[in-house]
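FYI, side chains are in, hydrogens and waters are out, and symmetry mates aren't considered; it's all heavy atoms of this structure. Just so it is clear, the model here is predicted, and its values are computed rather than measured. Whatever order the structure lists them in is the order used to number ligands and atoms, beginning at 1.
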Amino acid sequence: MNEPILAIRGLTKQFGEIRALDDLDLDLRAGEVFGLLGPNGAGKTTLISILSGTVRDFGGSVRFQGKDLFRDRELRAEMGIVPQDMAFFEELGARENLYFWGGLYKLSGQELRRRTDYLLETVELNDRAKEPVKNFSGGMKRRLNLAIGLIHQPRLLLLDEPTVGIDVQAKVKILDIIRRAAADHTAVVFTTHQLAEVESLCDRVAIMDKGRILAQGTLDELTRIVGEREIIRISGEFSAFEISQVLGNLPASDLFAIEDHNLTLALDSTAQIPGILETLFQGNVAVSDLKIQSPNLETVFLKLTGRSLRD
Ligand SMILES: Nc1ncnc2c1ncn2[C@@H]1O[C@H](COP(=O)(O)OP(=O)(O)OP(=O)(O)O)[C@@H](O)[C@H]1O
Ligand SMILES: [Mg+2]
């Protein structure tokens with residue numbers, strides 16, 4: 001198997017009492033799109049910040065292209081970072097911004113112009129390239145941010161929630177740009193709360209919670225964690241406590257996850273549903289909806305964390 005482009009071992013980060021990363025291992029291969037999926041506070045941004053050098057004082061090691069990332073400063077030049085907050089000059093145009101950031105990576109002349117042209121075209125900002133960036137919409141700013149992260153053709157691109165707060169069309173464009181970067185042999189790590197993005201984009205995924213990776217693999221590999229059972233989702237105006245009282249004598253293996261307003265069951269057969277509904281009605285539990293789901297990333301996440309992922 002190919003040597004991983006990024007090899008993270010035992011990464012641990014403590015903020016006072018909080019263990020933001022807890023002995024985390026992760027391997028990334030060249031040209032791979034890797035999704036980091038996790039609820040608020042899982043440690044996703046902390047991981048990206050350590051890799052990009054903005055958070056220090058941690059334990060563990062990171063090797064990038066076979067070398068120690070924190071020893072070899074030149075390795076940073078092979079990395080592109082797209083932070084969640086915008087990083088560009090509002091008064092300058094898109095083209096000038098790309099020239100500036102490209103210059104920081106020691107690009108110049110023909111090469112810088114060629115790369116800038118290519119990226120303005122890719123992120124579809126060609127016709128607005130001269131206007132001050134402050135006039136841009138949120139989606140346009142995100143696209144520029146992404147172009148800046150790619151200006152020096154990094155081998156690894158780190159993206160922290162690149163599609164937060166933008167409309168569906170802009171999202172589709174951004175995912176497309178990430179796909180093109182991967183096709184140009186850039187490995188991508190991106191964090192998200194959005195299962196659909198992961199399903200449409202990622203070669204592999206890690207599910208993170210409380211500073212740990214609970215599982216990682218391809219979508220198929222992860223989906224197998226849920227197994228062959230029928231996943232039933234029942235929602236309504238009930239609390240987790242109420243439902244656990246009423247369903248107390250159901251085998252634990254049938255109870256997949258119990259949350260306020262949501263009960264998820266993993267059953268051998270849908271034939272068990274009427275009996276369970278009867279029990280709920282007898283117990284005065286207000287059910288408003290019932291869905292039969294095929295196992296997907298959402299059910300894997302629920303199984304591993306005991307919680308649904310918020311959008
Ligand atoms: N600078 C800091 N000082 C203190 N605690 C911090 C700091 N940065 C992060 N933390 C804590 O570390 C934990 C992980 O935070 P992190 O921002 O990495 O989570 P996240 O997975 O990115 O969450 P979100 O989905 O909300 O962006 C949280 O409990 C957070 O409060
Ligand atoms: Mg974050």
**Asked** Which of the atoms in ligand 1, numbered in the order shown and given with their element, are less than 4.0 Å from a heavy-atom of Ile18?
**Response** 12 (O), 29 (O)
**Request:** Could you tell me whether Gly38 and ligand 1 have an N or O pair separated by under 3.5 Å?
**Result:** no
**Item:** For His193, atoms of ligand 1 separated by under 4.0 Å from a heavy atom
**Value:** 25 (O)
**Fill in**
Of Gly211, Gly41, Ala20, the one whose closest heavy atom lies nearest atom 28 (C) of ligand 1 is Gly41
**Message:** Can you confirm, on distance only, whether ligand 1 has an N/O atom lying under 3.5 Å from any N/O atom belonging to Phe15?
**Reply:** no
**Request:** Examine the side chains of Arg233 and Ser308 and answer whether a donor and an acceptor come within less than 3.5 Å of each other.
**Result:** yes
**Asked** Of the backbone and side-chain N, O or S atoms of Thr45, does one lie nearer to the Mg ion (ligand 2) than 2.8 Å?
**Response** yes
**Stepwise side chain to side chain contact (heavy atoms under 4.5 Å, CB included) test for Leu47 and Leu21** = CA-CA 7 Å; Leu47 173 59; Leu21 294 179; 4.3 Å; yes
**Enumerated ligand 1 atoms positioned under 4.0 Å from heavy atoms of Thr45** = 17 (O), 18 (O), 20 (P), 22 (O), 27 (O)
**Prompt:** Can you list the ligand 1 atoms lying under 4.0 Å from a non-hydrogen atom of Ala42?
**Reply:** 19 (O), 20 (P), 21 (O)
**Asked** Can you check whether Ile276 reaches Ile273 side chain to side chain, under 4.5 Å on heavy atoms?
**Response** no
**Request:** Check whether any heavy atom of Pro39 sits under 4.0 Å from an atom of ligand 1.
**Result:** yes
**Residue pair Asp160 / Thr191, side-chain donor-acceptor N/O under 3.5 Å** = yes
**Fill in**
Per-atom filter on ligand 1: closer than 4.0 angstrom to a heavy atom of Glu161 are 25 (O), 27 (O)
**Complete:** Correct closest heavy-atom pair for Tyr105 and Arg76 would be CE2-O, 4.4 Å
**Request:** Is it possible for you to check whether Lys13 lies under 6.0 Å from the centre of the six-membered ring of Phe15, through NZ or CZ, and within 45° of that ring's axis?
**Result:** yes
**Asked** If we ignore angles and hydrogens, is there a donor and acceptor under 3.5 Å between the side chains of Glu197 and Thr192?
**Response** yes
